[in-house]
Amino acid sequence: MPGTLFLIPNTLGPTDAQPGALNHVLPGQVQALTSQLGYFVAENAKTARAFLKLVAIDHPLARPLQDIRIAELNVNTPPAALSILLEPLLAGEDAGLVSEAGVPAVADPGADLVRLAHQHGIAVRPLVGPSSLLLAVMASGLNGQSFAFNGYLPTDAAARAKRIRDLEARSRTEKQTQLLIETPYRNGQMLEALVNTCQPGTLVCVATDLSLATESVRTLTAAKWKAQLAAGKAPDFHKKPTVFLFLGQ
């Protein structure tokens, strides 16, 4: 009988290595289950080991960290290699899929592995933990009944502006909140593109470092954000993970 693929959330940013370090984002049951697994699939083995060290502070690992197998799955993993990652599960071993940050398989290459697991009849169990996208929707004050995640927008300025206009038109027509992310060092460019492209009354939310001590969430109209930027009052979000949301009015 195949093992179970557990989808294990990670923290959304740096966490101090001290007792209870994970308790504000991961239930104890999730940590306890994670500590018993001997095989993981992760975007980066080094950061996965760092995560397991945090788990081990309150929930000792069932085996030494050096004996735990961690296979990598990232944007460089060829599709043909996915079946190899499932071999331990098909042999009956449970496994954990861990993202670099937040929940696996959402804006994450793990989705391909989950789909293949279903095709092979492997049970998939999502575990409770932080999702920056849902936390951003919750805190934004925008429409939480209808929203869409659009990932990354084009880096070309003209193509990006067109995409924003298209999404804004859909947002206004369908009353749908639009979510997107950007490479953290380009956060400033993304906010400028939003406020310079969107209609003045469109609501724009900038949600940074969610669940961390440096967390910041602000929702203003595009016009007010534009005035803030002109006054040199940009958010403190350079190189910090940020979710952008907007809702056409």
Side-chain angles (χ1 to χ4, degrees), residues 1-74 85-86 88-118 120-139 144 149 181 207 209-215 241 243:
M1 181 176 179
T4 297
L5 179 61
F6 293 95
L7 309 186
I8 302 171
N10 202 341
T11 64
L12 293 175
T15 303
D16 293 333
Q18 57 186 357
L22 298 177
N23 290 347
H24 73 295
V25 290
L26 289 183
Q29 184 179 11
V30 172
Q31 297 179 55
L33 188 155
T34 301
S35 72
Q36 298 306 301
L37 298 175
Y39 174 56
F40 293 87
V41 179
E43 288 185 68
N44 182 285
K46 181 178 180 180
T47 53
R49 291 189 187 94
F51 170 67
L52 291 175
K53 287 180 181 179
L54 290 176
V55 171
I57 294 174
D58 296 308
H59 300 271
L61 304 179
R63 64 187 70 181
L65 184 58
Q66 61 268 27
D67 293 339
I68 294 176
R69 290 172 294 160
I70 302 177
E72 292 192 342
L73 169 59
N74 49 51
L85 299 178
L86 290 181
L89 287 130
L90 293 172
E93 184 175 1
D94 292 338
L97 175 63
V98 184
S99 180
E100 280 289 276
V103 298
V106 177
D108 176 87
D112 293 334
L113 187 68
V114 172
R115 182 170 60 253
L116 189 60
H118 284 299
H120 284 278
I122 294 171
V124 177
R125 282 191 56 192
L127 301 181
V128 175
S131 164
S132 61
L133 303 178
L134 287 180
L135 290 172
V137 171
M138 291 164 59
F149 174 55
I181 54 177
D209 278 354
L210 292 163
S211 81
L212 306 181
T214 51
E215 177 182 279
V243 180

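Positions are given from 1, in the same order as the sequence printed here.
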What closest approach, in Å, do Leu12 and Pro241 show between heavy atoms, and which atom pair accounts for it?
O-CG, 4.5 Å

Just verifying a value: how many Å separate Met1 CE and Leu90 CG, rounded to the nearest 0.5 Å?
12.5 Å

Closest non-hydrogen atom pair between Leu5 and Ala117, with its separation:
CD2-CB, 4.1 Å

Restricting to non-hydrogen atoms, name the atom on Val25 and the atom on Pro130 that form the minimum distance, rounded to 0.1 Å.
O-CD, 3.5 Å

Within-4.5 Å side-chain heavy-atom neighbours: Pro19 and Asp58
yes

Provide the full list of side chain to side chain donor-acceptor pair (under 3.5 Å) pairs with a residue in residues 22-31, sequence neighbours left out, each pair given once.
Asn23-Gln31

Any non-hydrogen side-chain atom of Leu116 less than 4.5 Å from a side-chain atom of Leu85?
no

Minimum heavy-atom separation for His59 to Ser35, with atom names?
O-CB, 3.4 Å

Spacing of CG belonging to Leu212 relative to CG belonging to Leu210, to within rounding of 0.5 Å
7.5 Å

To the nearest 0.5 Å, atom CG of Leu73 lies from atom CG of Asn44 at 12.0 Å

Is the count of non-hydrogen atoms from other residues, nucleotides or ligands lying under 6.0 Å from Arg125 atom CZ greater than 12?
no

Mind checking what makes side chain to side chain contact (heavy atoms under 4.5 Å, CB included) contact with Val103, not counting sequence neighbours?
Pro9, Val106, Ser131

Side chain to side chain, Leu37 and Ile8, heavy atoms closer than 4.5 Å
yes

Test Lys53 against Leu65 for side chain to side chain contact (heavy atoms under 4.5 Å, CB included), laying out the working first.
CA-CA 8 Å; Lys53 287 180 181 179; Leu65 184 58; 3.7 Å; yes

Rounded to the nearest 0.5 Å, what separates atom CD in Glu72 from atom NZ in Lys46?
11.5 Å

Checking Phe40 against Thr34 for the side chain to side chain contact (heavy atoms under 4.5 Å, CB included) test, could you report, in this order, the C-alpha distance in whole Å, the side-chain angles of both residues, the deciding distance, and whether it holds?
CA-CA 9 Å; Phe40 293 87; Thr34 301; 3.9 Å; yes

Any idea which heavy atoms bring Gly110 and Asp108 closest together, and the distance?
N-OD2, 2.8 Å

Might you point out which heavy atoms bring Gln36 and Ala62 nearest each other, and give the distance in Å?
OE1-CB, 3.6 Å

Could you tell me whether a side-chain N or O of Glu43 sits under 3.5 Å from a main-chain N or O of Glu100, the two making a donor and an acceptor?
yes

Flag side-chain contact, heavy atom, 4.5 Å: Phe149 against Ile181:
yes

Heavy atoms, side chains only, cut-off 4.5 Å: are Leu33 and Asp94 in contact?
no

Step by step, would you call Ile70 with Leu52 a side chain to side chain contact (heavy atoms under 4.5 Å, CB included)?
CA-CA 11 Å; Ile70 302 177; Leu52 291 175; 4.2 Å; yes

Hey, could you give me the CG/CG distance between Leu97 and Leu113, rounded to the nearest 0.5 Å?
6.0 Å

